[in-house]
Structures are given as C-alpha cells and as structure tokens.
Amino acid sequence: QVQLVESGGGSVQSGGSLRLSCAVSGYTYRSYSMGWFRQAPGKERERVAAIDSDGSTTYADSVKGRFTISQDNAKRTLYLRMNSLKPEDTATYYCVADPSGFIEWWSPLHRPPNYWGQGTQVTVSS
C-alpha cells in the first residue's frame, strides 16, 4: 500500500523559506510522477509543482522562480524548497504520486493523481 507522509510545514514571515519533505513507502512502480498540491481555506485546490521519474519538472506560474521540487531516490523522499514566501502561499500542502507521468494529471482538466498524503500546513505572515 502506497503511503505518502509530508513534513516540514510551519509558520514563517513573508520572505522566509521552508522545505517540505514527503516520505514514500510501498511504491513499486518503475515509472512514476510525484508532485505537490496546495489548498487554502475557501479556495480551490491548486497544483504547485511536479516531477517525473526522468527528472522533468513543471511549476505553477505563481511559484516559478521561488519553489524548487526535487527527489532523492535513495531516500525515497520528495522535497519542495520554498523561498521568498508570500502570505498568499499560506495553505495545506499535499504530496501526490501517480504511476503515470505528470502530463496525465497536471492540467485541471485531467484526473487527479492516484495517491495523496495527509497534508502539512504552511502559514506565511506579513
């Protein structure tokens, strides 16, 4: 059974940085994609960043240049480095994984990823 466990959330001031981690277990697919979504209270869920097993990445326009997604295959961990944080980045961040490439789920018109973590809260104060 696939399990995704996020950590690293917290409260920071505007302009600060955080690094989220997502520990993966039970995942046996040879090819895969992983990523991060977020959802703020009263707002729709938003795609943040994604990475394929070949290292290809994509980002939402709102985080380009500030966030970096990466993975450590040996540690089976996904990361999201968030710099220059803004109050509008405040949300619960969810780690996701899918047996297909992120092209299958990145667009809001496509199905959501198969596997989701429980989420970690990020709060950015002005």
Side-chain angles (χ1 to χ4, degrees):
Q1 184 173 348
V2 177
Q3 284 193 320
L4 308 175
V5 179
E6 303 96 335
S7 61
S11 297
V12 296
Q13 290 192 327
S14 182
S17 298
L18 282 174
R19 189 181 76 161
L20 304 183
S21 299
C22 174
V24 183
S25 61
Y27 203 88
T28 59
Y29 300 101
R30 288 191 63 184
S31 64
Y32 61 89
S33 57
M34 298 193 68
W36 296 92
F37 280 64
R38 67 185 181 186
Q39 189 166 22
K43 294 188 177 181
E44 291 189 357
R45 190 170 59 191
E46 179 185 15
R47 288 150 173 80
V48 176
I51 187 167
D52 272 342
S53 53
D54 66 358
S56 302
T57 59
T58 190
Y59 296 90
D61 288 343
S62 59
V63 306
K64 277 181 183 176
R66 300 188 298 121
F67 291 13
T68 303
I69 189 171
S70 62
Q71 57 190 352
D72 185 327
N73 292 327
K75 294 182 179 179
R76 298 179 66 81
T77 302
L78 179 74
Y79 301 101
L80 185 68
R81 177 68 180 181
M82 305 185 293
N83 295 330
S84 302
L85 282 162
K86 304 174 182 179
E88 50 264 43
D89 294 317
T90 295
T92 299
Y93 284 71
Y94 298 92
C95 174
V96 300
D98 195 276
S100 300
F102 62 69
I103 194 171
E104 298 293 331
W105 51 264
W106 182 249
S107 167
L109 299 177
H110 294 161
R111 63 169 177 82
N114 280 8
Y115 304 106
W116 292 72
Q118 293 299 308
T120 185
Q121 178 67 35
V122 172
T123 302
V124 185
S125 58
S126 56

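The model shown is predicted, which means the values in this text are computed figures rather than measured ones.
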Distance in Å, L20 CG paired with W36 CH2, rounded so as to fall on 0.5 Å steps: 4.5 Å
pair P99-Y115: side-chain heavy atoms closer than 4.5 Å: yes
Pairs satisfying salt bridge (Lys or Arg N to Asp or Glu O under 4.0 Å), at least one member in residues 112-126, at least two apart: none
Set of residues satisfying side-chain contact (heavy atoms from CB on, under 4.5 Å) with respect to A23, sequence neighbours excluded: none
Residue pairs fulfilling side chain to side chain donor-acceptor pair (under 3.5 Å) with at least one residue in residues 86-95, sequence neighbours excluded: R38-D89, R38-Y93, R66-D89, T92-Q121
Taken in chain and number order and not counting sequence neighbours, the residues that satisfy side chain to side chain donor-acceptor pair (under 3.5 Å) with W105 are S33
Suppose we screen for side chain to side chain donor-acceptor pair (under 3.5 Å). Which residues come up paired with K64, at least two apart in sequence or across chains? D61
If you look only at pairs with a residue in residues 52-91, which of them pass as a disulfide (SG to SG under 2.5 Å), with sequence neighbours excluded? none
Please collect all side chain to side chain donor-acceptor pair (under 3.5 Å) contacts where either partner lies in residues 13-27, sequence neighbours excluded, each pair once. S17-N83
Could you note down all residue pairs passing salt bridge (Lys or Arg N to Asp or Glu O under 4.0 Å) where residues 107-126 supplies at least one of them, sequence neighbours left out? D98-R111
Tell me which donor-acceptor pairs under 3.5 Å the side chains of residues 5-12 have, and how far apart each pair is, sequence neighbours excluded?
| residue | atom | partner | partner atom | Å |
| --- | --- | --- | --- | --- |
| E6 | OE1 | Q118 | N | 3.1 |
| E6 | OE1 | G119 | N | 2.9 |
| E6 | OE2 | C95 | N | 2.8 |
| E6 | OE2 | G119 | N | 3.2 |

Do L18 and L78 sit in one hydrophobic cluster, given that two such residues count as connected whenever their side-chain heavy atoms are within less than 4.5 Å of each other, even indirectly? yes
Residue pairs passing the disulfide (SG to SG under 2.5 Å) test where at least one lies in residues 26-65, sequence neighbours excluded: none
Is there a donor-acceptor contact under 3.5 Å from the side chain of D52 to the main chain of D54? no
Y79-M34 co-clustered via ILVMFWY side chain contacts under 4.5 Å: no
Nearest heavy-atom contact between P113 and A97 is CB-O, 3.9 Å
Taking only residues two or more places apart in sequence or in another chain, which ones pass side chain to side chain donor-acceptor pair (under 3.5 Å) with Y32? Q71, N73
Disulfide (SG to SG under 2.5 Å) pairs, two or more places apart, involving residues 24-91: none
Locate the shortest heavy-atom distance separating V48 from F37; write the atom from each residue and the value. CG2-C, 3.8 Å
Between L80 and A49, the two heavy atoms sitting closest are CD1-CB, 4.1 Å
Treat each ILVMFWY residue as a node, draw an edge where side-chain heavy atoms are under 4.5 Å apart, and state whether W116 and V2 are in one component. no
Has the side chain of R47 got a donor or acceptor atom that lies under 3.5 Å from a matching backbone atom of A60? no
Atom pair OG (S100) and CG (N114), whose distance is rounded to the nearest 0.5 Å: 7.5 Å
Side chains of S62 and E46: closer than 4.5 Å at any heavy-atom pair? yes
Closest contact, heavy atoms only, R76 versus G26: NH2-N, 4.5 Å
